[in-house]
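Every heavy atom of this structure was used, including side-chain atoms; hydrogens, water molecules and symmetry mates were not.
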Amino acid sequence: MKNTGRGLGLGHEAHPLLHRRVRDIASGTEGELMAVVLEEVATHAGPRWTRRAYIRPEAGGRELPTALGNIEPFEAP
């Protein structure tokens, strides 16, 4: 990961849902949004930049990455 010189440092970016409960619509994971990071990822066509969201599951443990577009605020029923 390269530092882009923008946002909160080390590729981290500010986001209105940081430290709030969110849901990853792709996997159904629910937890706290810990970081949004601009990362360079390898693809078959060469490297590209993408924004990834890191969610800490409610049960704790390792933060799970997902595409930033996959997160939504979590509202308990």
Next on the checklist: With rounding to the nearest 0.5 angstrom, report the OG1 to CZ distance, Thr29 to Arg56.
Outcome noted: 14.0 Å
Checklist entry - Do Ile55 and Leu18 belong to the same hydrophobic cluster, where Ile, Leu, Val, Met, Phe, Trp and Tyr are linked whenever their side-chain heavy atoms lie under 4.5 Å apart, directly or via other members? => result yes
Item to check | Which residues share a side chain to side chain donor-acceptor pair (under 3.5 Å) with Asp24, sequence neighbours left out | outcome: Ser27, Thr66
Next on the checklist: For the CZ atom of Arg62 and the CG atom of Leu64, what is their distance to the nearest 0.5 Å?
Outcome noted: 7.0 Å
Checklist entry - When rounded to the nearest 0.5 angstrom, what distance separates CZ in Arg52 from CG in Leu68? => result 11.5 Å
Checklist outcome for this item: Contacts of Thr50 meeting side chain to side chain donor-acceptor pair (under 3.5 Å) (sequence neighbours excluded), chain-then-number -> none
Checklist entry - Taking it one step at a time, do Ile71 and His15 satisfy side chain to side chain contact (heavy atoms under 4.5 Å, CB included)? => result CA-CA 11 Å; Ile71 64 167; His15 192 276; 4.2 Å; yes
Checklist entry - So if you build clusters from Ile, Leu, Val, Met, Phe, Trp, Tyr with side-chain heavy-atom gaps below 4.5 Å, do Met34 and Val36 land together? => result no
Checklist outcome for this item: Nearest heavy-atom approach of Leu38 to Trp49 is CG-CE3, 3.7 Å
Checklist entry - Val41 versus Arg48: any side-chain heavy-atom pair under 4.5 Å? => result yes
Next on the checklist: My understanding is that only one of Glu75, Glu72, Glu58, Glu32 makes a salt bridge (charged side-chain N to carboxylate O under 4.0 Å, His left out) with Arg21; could you say which?
Outcome noted: Glu58
Checklist entry - Do you know the tightest heavy-atom contact between Ile25 and Gly69? => result CD1-O, 4.4 Å
